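Order of the sequence lines fixes the chain letters, A, B, ..., with proteins taken first and strands second; residue numbering starts at 1 for each chain. Keep in mind that this is a model prediction, so the values were computed, not measured.
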There are 2 protein chains.
Amino acid sequence: MTSMTAEITPQQLIVWRMLQRAQVGITRSLETELLSRHDLAPAAYEVLHQLSEAPGRRLRMNDLAERVLLSRSGLTRLIDRLQRDGLVEREACTSDARGLYAVLTEGGERRLTEATPTYLRAVRERFLDLLSEEELRQCAAMLTKLFTGA
Amino acid sequence: MTSMTAEITPQQLIVWRMLQRAQVGITRSLETELLSRHDLAPAAYEVLHQLSEAPGRRLRMNDLAERVLLSRSGLTRLIDRLQRDGLVEREACTSDARGLYAVLTEGGERRLTEATPTYLRAVRERFLDLLSEEELRQCAAMLTKLFTGA
DNA sequence: AGGGTGTATGTGCTTATGCAACCTTCTAGG
DNA sequence: CCTAGAAGGTTGCATAAGCACATACACCCT
């Protein structure tokens, strides 16, 4: 345990502030790219991506909300928008009349396919390509610790 | 150069997704703590903090907006709220009649002082304490590379 | 069955934020 | 000087997201 009561050193705080700035910077450039090129907000991309990986290209609303880190009401509205744009549909769940599936449409799949290169390129340019393989391993190890700690 | 045209490996993508989740998790718990204990949004904390470190406890709006990573209009509204709550004041700039200073008030300083332990504790618990000193050094090195690359 | 408790989803309202348009003031070039 | 354009700041508008509440259904226990 590095510190139960120890103070934070200025260096530590700098790391934290850098992390925040890096995060904001990467996120914003990703957002700008996705919006300008494909008219997709990052959360919308995330939804399409999760659906495309799910069996039957569908997920329950609740499940999907957790995966994209959105509140349930937030997801309701986001799916509303995606449905309006024809990228997703809602479908009743036969086994549970309360439940709804969000289902990826053909159009949604197409849009995802178009947007994915943009997404990956941004992630590479702003993150992955800037680090060595060794650093990426270190990064993964740290992130794992952050999760098990939280 | 790891890759000019290379594809992203699944492992790399996992690191990226973990990073996003870590960021969201830390940010949200910080937000919850600051809001519930001190009625301060993270951005508001950031403003108070920047002002407290600035000479004369004041910064030009534009300058402040950049430091807290907010658009100018976003900062205008945030300062409106902080002013309404008596934590900050606006003051004219003598050398440039266009300019305004945001100035930290006594009350703002008090609020910042109250909130800082909460802020630091959250950052420690969710981030700093979970990593070794060596890891923190690695992290700093990576972040530096991310900035120079961007 | 029948009722109480918990779960899945949607809605009303509030808040935060960005972009584009707008005034005011500054500054540089003629 | 005076004008054109840039810069600082605010405002109008639109969007996104969350919380609290409402509704419909499910499931368990007696």
Side-chain angles (χ1 to χ4, degrees), chain A residues 20 23-25 27-36 39-48 58-85 87-103, chain B residues 20 23-25 27-36 38-48 51 58-85 87-103:
Chain A
Q20 283 187 118
Q23 159 65 25
V24 171
T27 298
R28 289 204 182 156
S29 71
L30 183 56
E31 174 173 15
T32 304
E33 289 286 300
L34 285 175
L35 274 180
S36 65
D39 194 32
L40 274 181
Y45 178 87
E46 219 57 48
V47 163
L48 298 183
R58 74 192 53 218
L59 283 170
R60 292 286 295 268
M61 294 293 286
N62 213 336
D63 193 358
L64 185 52
E66 279 176 19
R67 298 196 194 206
V68 301
L69 303 176
L70 221 57
S71 68
R72 289 203 283 268
S73 65
L75 183 67
T76 292
R77 268 65 179 269
L78 177 50
I79 294 294
D80 286 348
R81 298 191 291 271
L82 293 175
Q83 192 167 22
R84 165 171 53 70
D85 297 346
L87 306 181
V88 153
E89 279 172 0
R90 271 180 245 243
E91 211 168 286
C93 174
T94 54
S95 62
D96 183 342
R98 293 169 302 182
L100 284 180
Y101 285 109
V103 188
Chain B
Q20 285 187 115
Q23 159 65 24
V24 171
T27 298
R28 290 205 183 155
S29 71
L30 182 56
E31 175 173 15
T32 304
E33 289 285 302
L34 284 175
L35 272 180
S36 65
H38 308 286
D39 193 32
L40 275 182
Y45 179 87
E46 220 56 49
V47 163
L48 298 184
L51 290 179
R58 75 191 52 218
L59 283 169
R60 292 285 295 269
M61 294 293 286
N62 214 337
D63 193 358
L64 186 52
E66 278 175 20
R67 298 194 194 208
V68 300
L69 303 175
L70 223 56
S71 67
R72 291 209 288 279
S73 64
L75 182 67
T76 293
R77 268 66 178 267
L78 177 51
I79 294 294
D80 286 348
R81 299 192 289 274
L82 293 175
Q83 192 167 23
R84 165 171 53 69
D85 296 346
L87 306 181
V88 153
E89 279 172 1
R90 270 181 246 243
E91 211 169 286
C93 175
T94 54
S95 63
D96 184 342
R98 291 170 302 180
L100 283 181
Y101 285 109
V103 188

Whole-Å distance separating the CG atom of Leu64(A) from the P atom of dA8(C) = 14 Å

message = Does Asp80(A) reach a base, just sugar-phosphate, or nothing at all? Heavy atoms under 4.0 Å.
response = nothing

ask   = Any side-chain heavy-atom pair from Arg72(A) and Asn62(A) closer than 4.5 angstrom?
value = yes

inquiry  = Please determine whether a side-chain nitrogen or oxygen atom of Arg60(B) lies at a distance below 4.0 Å from atom OP1 or OP2 of dG8(D).
reply    = no

task = Starting at atom CG of Leu70(B), determine the distance to atom P of dG9(D), rounded to an integer number of angstrom.
result = 14 Å

inquiry  = Is it the case that atom CD in Glu89(B) sees more than 12 heavy atoms from other parts of the structure closer than 6.0 Å?
reply    = no

message = In this structure, how many angstroms lie between the P atom of dT15(C) and the CG atom of Asp39(B), rounded?
response = 11 Å

query = Gly74(B) or Arg98(A): which one's nearest nucleotide on DNA chain D is closer to the 5' end?
reply = Gly74(B)

inquiry  = Which is more 5' along DNA chain D, the nucleotide nearest Ala97(A) or the one nearest Ser73(B)? Just name the residue.
reply    = Ser73(B)

inquiry  = At less than 3.5 Å, do the side-chain atoms of Arg72(A) and the base atoms of dT9(C) form a donor-acceptor pair?
reply    = no

task = Check Ala102(A) against Leu64(A) and note the closest heavy-atom contact, atom names and distance.
result = CB-CD2, 3.9 Å

key: Leu100(B) CG - dT24(C) P separation (whole Å)   = 14 Å

message = Expressed as a whole number of angstroms, how long is the span from Leu35(B):CG to dA17(D):P?
response = 18 Å

ask   = Distance check: side-chain N/O of Arg81(A) vs OP1/OP2 of dA14(D), anything under 4.0 Å?
value = no

inquiry  = For a quick check of understanding: with a heavy-atom distance under 4.0 Å over all strands, which category does Arg77(A) fall into, base, sugar-phosphate or nothing?
reply    = base

request  = Measure from CD1 on Ile79(A) to C1' on dA16(D) and round the result to the nearest Å.
outcome  = 14 Å

request  = Please confirm whether any donor atom in the side chain of Ser71(A) sits under 3.5 Å from an acceptor in the base of dC19(D), or the reverse.
outcome  = no

request  = Report yes if some heavy atom in the side chain of Val103(B) is under 4.5 Å from a heavy atom in the side chain of Val88(B); otherwise report no.
outcome  = no

request  = Give a yes or no on whether a salt bridge exists between Asp63(B) and Arg67(B), defined as a side-chain N under 4.0 angstrom from a carboxylate O.
outcome  = yes

ask   = Does Arg28(A) make a side-chain N or O approach to OP1 or OP2 of dG18(C) shorter than 4.0 Å?
value = yes

task = May I have the distance from Gln83(A) (atom CD) to dG10(C) (atom P), rounded to whole angstrom?
result = 9 Å

Distance, rounded to the nearest Å, where Leu69(B) contributes CG and dA16(C) contributes C1' = 16 Å

